[in-house]
Each structure stands twice: as C-alpha cells, then as structure tokens.
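Single-structure report; data block below.
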Amino acid sequence: MKRIYEDMAYGPRPVEENYWRTTVTADAAPKYQSLDGPVRCDTVVVGGGYTGLCAALYLAEAGVDVVVLEAEEPGWGASGRNGGFCCLGGAALDDRALRRRYGEADAHAFSSAKRQAVDLVDGLLDRLGIDADVHSEGETILAHRASDVAGLRQTARAMQADQNVRCEFHSAAEMAEQGLASPEFHGALTIPIGFALNPLKYALGLARAAASAGVRLFANARVLGITRHGAEWCLSTADGRVQAKRLLMATNGYSADDLPNWMAGRYLPVQSNILVTRPLTDAEIAAQGWTSAQMCYDTRRLLHYFRLMPDRRMLFGLRGAVRASDAALAETRAMARADFDRIFPAWRHVETPYFWSGLVAMARDRTPFAGPIPGLENAFAAMCYHGNGVAMGTYAGTIMAELALGRAVERPFPEFMRRPLARFPLGRYRRLLLPAAYSWYRFLDSR
C-alpha cells in the first residue's frame with residue numbers, strides 16, 4: 001500500500017482526542033460484519049464515509065446487492081472528524097475562476113450542484129430520521145482585513161445572481177450587535193444557505209440506514225489488493241476477499257496510490273486540524289461577546305473555521321500542517337491555540353481538551369471528481385472535495401451510484417466533475433509542494 005504521509009496519519013493517534021466520539025453512544029452504529037473468507041456481491045464500495053455510504057444506500061434502495069469495505073469503522077476518517085459545516089463548496093476555485101476556466105454553462109451547473117448538495121443532506125437527515133444536532137442559519141464569512149470587505153460585498157451580489165438569495169452584511173461596528181464580537185474582523189457576510197451538524201452522528205446515521213436497506217458493512221477490512229479476474233473485481237483483505245461486478249472507490253484523503261494504480265498522483269491529502277473547548281459559562285460568553293451560533297470562516301487562504309455549538313463549546317479549525325508526527329501535532333496544536341487566543345482574547349484562560357486532525361483531498365485542477373475510472377471496466381470513483389465533504393461528498397457519492405447503475409444523471413453535474421483527475425507534479429513526493437504553497441499563502445494572508 002503506497003501512501004504519501006507517515007504511517008501516523010493513517011493510525012489512531014491523530015483522532016485520539018476527537019470530541020465527536022464523546023457525543024455518540026455505543027449503540028449509535030449498526031452492527032458491523034467481519035470479513036472472514038470469500039464474499040460475492042454485485043457492487044463493492046471501498047470506504048465507509050459520506051461518499052461510500054451514500055453510494056451504497058442509493059444502490060441498495062435500487063435493489064442492488066452491495067458490500068462496503070472500511071479499513072476501520074464507518075465514519076472513522078474525515079467523515080467522522082470534520083468541522084460539521086454543511087455549506088456551499090467542493091472546489092478550491094471561486095465562481096469567477098470557474099467561469100474563466102470552464103465557461104458559463106459549467107459554472108452555472110456547479111453553482112446549482114452546490115445548492116442541491118446542501119439540500120440533499122437536509123433531505124437525508126429528515127427522511128432517515130438522523131438527529132445530528134443541526135444549528136446555524138447559513139454560513140458567515142468574516143473579513144480578516146479591511147481590504148476584504150469589498151470582496152464580501154461582491155460575494156453578496158454574486159449570491160443574489162447565482163443562488164437567488166439575499167445575503168446580510170454587517171460592518172465591523174455592527175458585528176458585536178450580531179454576537180460576533182472579535183478584534184480580528186472588519187465585517188461579516190451571512191449567506192442563508194447551509195447549516196452545521198455533528199458529522200459523526202450524520203455518518204453513523206447513514207451507516208444505520210445503509211444496513212437497514214441491506215448493505216453489508218464490513219469494518220476492519222482494509223483492502224490490500226485490487227485485481228481484475230474475467231468480468232469481476234477481486235478485492236483482498238488480511239482475512240478474506242470480495243468478488244464483485246462493479247467497484248466504487250470512496251477513500252478520498254485516505255486513498256492509496258496503488259489501490260488501484262490509477263490513483264497514483266491524482267489526489268493530494270491535506271491535513272485539517274480542530275480543537276474544541278470545554279463548555280463556556282454565560283459569563284465567559286458575555287465577556288467575549290460571541291453569542292452567535294453561526295458557522296463561520298474567515299477570508300484567509302489558510303482559513304480558520306469555527307462555531308459555537310449547542311452544548312456551548314467552541315469548535316475552532318485550521319489548515320497548515322505538512323507532517324504527521326507527534327512533534328508536528330503538538331506544533332499545530334500550539335499554533336491553533338495561539339490563533340484562538342488572538343481571535344477570542346476573553347477566552348485565553350478557557351481549556352481546550354480536544355484536538356485532532358484528519359485528511360481532506362485536493363485535486364490538481366481544484367475541482368471535485370465523480371465518474372468512471374478511465375481504463376478500468378465497471379469501476380468508478382468520487383473524491384477531492386477540498387474540505388467541503390459534508391455536502392459535496394454526499395452529492396458525489398450519489399452521482400457515482402447513478403453512474404454505476406448506468407442511469408442518466410438528471411441532477412446538476414458539470415462536465416469538469418467527470419473529467420479524469422490530472423496528476424500532480426512530483427508523483428509520490430507531491431507532498432513536498434505543500435510547504436512552499438503554505439508559506440506563500442501565509443505571506444498573502446499577512447498583506
């Protein structure tokens with residue numbers, strides 16, 4: 001198995017202090033099966049996160065015999081450790097860049113896809129009866145420089161044109177009245193689309209629904225080899241093997257370059273890191289003046305994202321780590337804490353007992369992918385959501401399932417999403433691109 005980070009990135013250490021694990025009970029997940037010996041099915045899905053579970057659920061509800069192979073347990077990867085932002089996103093290019101590169105039609109289709117992705121999650125929560133602690137009326141973007149205020153106003157105009165919604169802008173002087181008091185920001189724009197949720201509760205809810213629909217969920221079934229035998233795919237694990245007519249890859253940032261070999265160099269895992277405070281008291285919340293339940297992120301390229309959760313804990317996330325080691329984890333935690341203290345100075349004394357990290361995936365073209373794997377018969381993949389996998393991972397997994405069934409995709413599906421992923425420079429050493437990129441982004445953010 002060829003992966004580009006140190007082994008620690010794929011083991012238990014980065015997720016030991018995952019706060020979301022404390023919010024679910026032992027019976028929140030369905031009973032998983034153990035793969036011991038040979039299994040046959042129509043379709044095998046590799047990966048038990050949002051993408052894989054949504055694809056499996058869609059297929060099972062269409063009458064397909066589906067097996068999911070998850071290296072740990074469903075929801076163990078990014079789907080069970082992200083910030084819980086269900087919002088517009090999925091690409092690392094803004095709408096103007098998408099229009100310049102791909103044209104008006106594709107940009108419009110992606111704008112519709114982003115909106116429908118949020119609605120799809122909302123619909124699944126309702127239809128499947130998943131209680132995921134939903135809150136936040138849309139998302140709020142915060143200008144970390146005075147010069148970024150004009151960009152927020154431009155975003156408001158674009159949202160009016162693209163999404164037919166009216167955004168609400170607040171100047172720096174008005175932010176405290178909205179419960180968004182911080183010396184760090186110069187203005188705020190609220191886009192009334194999206195919501196925050198508990199990501200692990202959502203993932204486990206999908207797993208329960210998939211199991212109820214007949215999906216066979218195998219935990220601790222790390223795929224070690226993928227080969228083709230006649231008209232079937234054969235996937236081997238340490239204790240068994242699965243033979244299937246169709247193969248769906250849904251491993252995203254936790255992919256391996258040789259499973260299958262087509263994956264080599266076509267995705268770039270990036271670490272995202274989150275800390276969570278203890279519950280804040282009424283006095284502490286009043287002292288800072290941050291009373292809003294909005295999910296927020298700032299205008300930095302290496303952005304911060306944060307929200308005050310229903311249990312009155314503050315969640316705070318950031319990008320920036322390039323290694324996976326105990327020293328790197330400690331360094332990133334210290335950086336996160338320093339940024340937290342600067343943005344919320346009244347909470348400098350507040351303990352942050354939870355800190356963890358996980359991998360999201362980027363594509364070289366900075367757009368998500370969902371489609372057939374070129375050169376491989378009856379094989380499909382969906383991945384690279386650029387840190388917005390709650391909505392877009394759900395959406396792309398559903399599209400992948402539709403394609404696997406040979407159905408016409410009637411939901412918005414821009415052409416660039418189905419183009420084969422391009423390879424990054426440097427191949428297996430592509431992680432070396434990150435330090436230079438992050439240094440450049442930090443320079444731009446400081447100007």
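Everything quoted here is computed from the prediction, not taken from an experiment. Numbering starts at 1 and runs along the sequence shown.
- Summarising the local packing, CZ of Arg411 is surrounded by more than 12 heavy atoms from other residues, nucleotides or ligands at distances under 6.0 Å.
- Sorted by first then second residue, the salt bridge (charged side-chain N to carboxylate O under 4.0 Å, His left out) pairs that include residues 329-338, not counting sequence neighbours, are Glu17-Arg333, Arg323-Glu331, Arg337-Asp341.
- For the pair Arg153 and Phe169, the cation-pi test (distance below 6.0 Å, angle within 45°) is passed.
- Counting heavy atoms from C-beta on, the side chains of Leu206 and Leu128 come closer than 4.5 Å.
- Crowding of Tyr438 atom OH: a count of heavy atoms from other residues, nucleotides or ligands under 6.0 Å exceeding 12.
- For the pair Glu284 and Arg312, the salt-bridge criterion is not met [side-chain N within less than 4.0 Å of a carboxylate O].
- The CG atom of Leu444 sits 9.5 Å away from atom CG of Leu302, with the distance rounded to the nearest 0.5 Å.
- Counting heavy atoms from C-beta outward, Asp326 and Arg13 have side chains that approach closer than 4.5 Å.
- A 6.0 Å sphere centred on CD of Glu410 holds no more than 12 heavy atoms belonging to other residues, nucleotides or ligands.
- Side chains of Cys54 and Leu124 form a contact here, defined as non-hydrogen atoms less than 4.5 Å apart.
- Here the side chain of Asn18 pairs a donor or acceptor atom with the backbone of Gly80 at under 3.5 angstrom.
- In this structure the side chain of Asp148 never reaches within 4.5 angstrom of the side chain of Ile141, judged on heavy atoms.
- When all heavy atoms of Val66 and Ala56 are compared, the pair lying nearest together is CG1-CB, 3.8 Å.
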Intermediate values then yes/no, side chain to side chain contact (heavy atoms under 4.5 Å, CB included), Trp262 and Leu421: CA-CA 10 Å; Trp262 176 83; Leu421 292 167; 4.1 Å; yes
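- Partner His304 forms a ring-ring contact (aromatic ring centres under 6.0 Å, His included) with one of Phe344, Phe316, Phe340, Tyr297 and no other, that one being Phe316.
- Using a cut-off of 4.0 Å between Lys/Arg side-chain N and Asp/Glu carboxylate O, Arg81 and Glu72 are scored as not salt-bridged.
- Remark: His135 NE2 is packed, more than 12 non-hydrogen atoms of other residues, nucleotides or ligands lying under 6.0 Å away.
- Here the two rings, on Tyr50 and Tyr202, have centers that are under 6.0 Å apart.
- Using bins of under 30°, 30° to 60° and over 60° for the plane-to-plane angle, the ring pair Tyr305/Phe85 lands in the perpendicular bin.
- Checking side-chain atoms of Asn82 against main-chain N and O of Val390 turns up no donor-acceptor pair under 3.5 Å.
- Gly194 approaches Met295 most closely through the heavy-atom pair C-CE, 3.8 Å.
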Apply side chain to side chain contact (heavy atoms under 4.5 Å, CB included) to residues Arg21 and Val15 and explain how you reach the verdict. CA-CA 9 Å; Arg21 289 182 171 183; Val15 78; 3.1 Å; yes
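- In this structure, Arg430 is positioned above the aromatic face of Tyr267, its NZ or CZ under 6.0 Å from the six-membered ring centre and within 45° of the axis.
- Counting only distance, with no hydrogens or angles, the side chain of Gln288 and the backbone of Ala181 share a donor-acceptor pair below 3.5 Å.
- Within the model, atoms OH of Tyr58 and OG1 of Thr394 stand 14.5 Å from one another, a figure rounded to the nearest 0.5 Å.
- A donor-acceptor pair shorter than 3.5 Å cannot be found between the side chains of His170 and Glu177.
- The CZ atom of Phe443 sits 10.5 Å away from atom CZ of Arg301, with the distance rounded to the nearest 0.5 Å.
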Test log, rule side chain to side chain contact (heavy atoms under 4.5 Å, CB included), inputs Val45 and Val215: CA-CA 10 Å; Val45 179; Val215 176; over 6 Å; no
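- In this structure, Phe306 and Trp290 have perpendicular ring planes: the angle between them is above 60°, well past the 30° mark.
- At least one side-chain heavy atom of Tyr19 sits less than 4.5 Å from a side-chain heavy atom of Arg313.
- Panel note: side chain Asn273, backbone Gly317; no donor-acceptor pair is recorded below 3.5 Å.
- Within the 3.5 Å criterion, the main-chain N or O of Val270 finds no donor-acceptor partner in the side chain of Arg319.
- Considering only heavy atoms from C-beta on, Leu280 comes within 4.5 Å of Leu308 through its side chain.
- Screening Asp119, Asp162, Asp95 for a salt bridge (Lys or Arg N to Asp or Glu O under 4.0 Å) involving Lys114 leaves a single residue, Asp95.
- Of the residues listed (Arg100, Arg101, Arg99), the one engaging Leu93 in a side-chain contact (heavy atoms from CB on, under 4.5 Å) is Arg101, and it is the only one.
- When atom types are taken as modelled, the side chain of Ser111 and the backbone of Ala107 share no donor-acceptor pair closer than 3.5 angstrom.
- The residue from Asn252, Thr251, Asp258 that alone fulfils the side-chain hydrogen bond (donor to acceptor under 3.5 Å, both in side chains) condition with Ser255 is Thr251.
- The shortest distance between side-chain heavy atoms of Met249 and Met383 does not fall below 4.5 Å.
- Relative to the ring axis of Tyr10, Arg3 places its NZ or CZ within 45° and under 6.0 Å from the centre.
- Residues that satisfy the side-chain hydrogen bond (donor to acceptor under 3.5 Å, both in side chains) test with Ser147, not counting sequence neighbours, are absent from this structure.
- Residues Lys201 and Val24 are in side-chain contact: their nearest non-hydrogen atoms beyond the backbone lie under 4.5 Å apart.
- Between the side chain of Arg307 and the main chain of Gly83, a donor-acceptor pair closer than 3.5 Å is present.
- The nearest pair of heavy atoms linking Met392 to Gly89 is CE-O, 3.3 Å.
- One N or O on the side chain of Thr299 and one on the backbone of His144 form a donor-acceptor pair closer than 3.5 Å.
- Atom-to-atom distance recorded for Glu73:CD and Leu204:CG is 9.0 Å, nearest 0.5 angstrom.
- Judged by the 6.0 Å distance and 45° axis criteria, Arg431 is positioned over the aromatic ring of Tyr5.
- The two residues Arg342 and Arg300 come nearest to each other via the heavy atoms NH2-NH2, 3.4 Å.
- Pairing each heavy atom of Ala370 with each of Leu403, the nearest pair is O-CD1, 4.0 Å.
- The pair Arg428-Asp257 does not meet the salt-bridge criterion, since no charged nitrogen lies less than 4.0 angstrom from a carboxylate oxygen.
- The closest donor-acceptor contact from the side chain of Arg208 to the backbone of Ala28 lies under 3.5 Å.
- Within a 6.0 Å radius of CD in Glu184, other residues, nucleotides and ligands contribute more than 12 heavy atoms.
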Candidate pair Tyr102 and Phe110, rule ring-ring contact (aromatic ring centres under 6.0 Å, His included), full reasoning: CA-CA 11 Å; Tyr102 299 110; Phe110 190 60; 9.4 Å; no
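- With Trp347 contributing its side chain and Ala287 its backbone, the two residues share no donor-acceptor pair below 3.5 Å.
- To the nearest 0.5 Å, atom OG1 of residue Thr352 and atom CD1 of residue Ile274 are 13.0 Å apart.
- The two residues Ala196 and Ser136 have their closest heavy-atom pair at N-CB, 3.9 Å.
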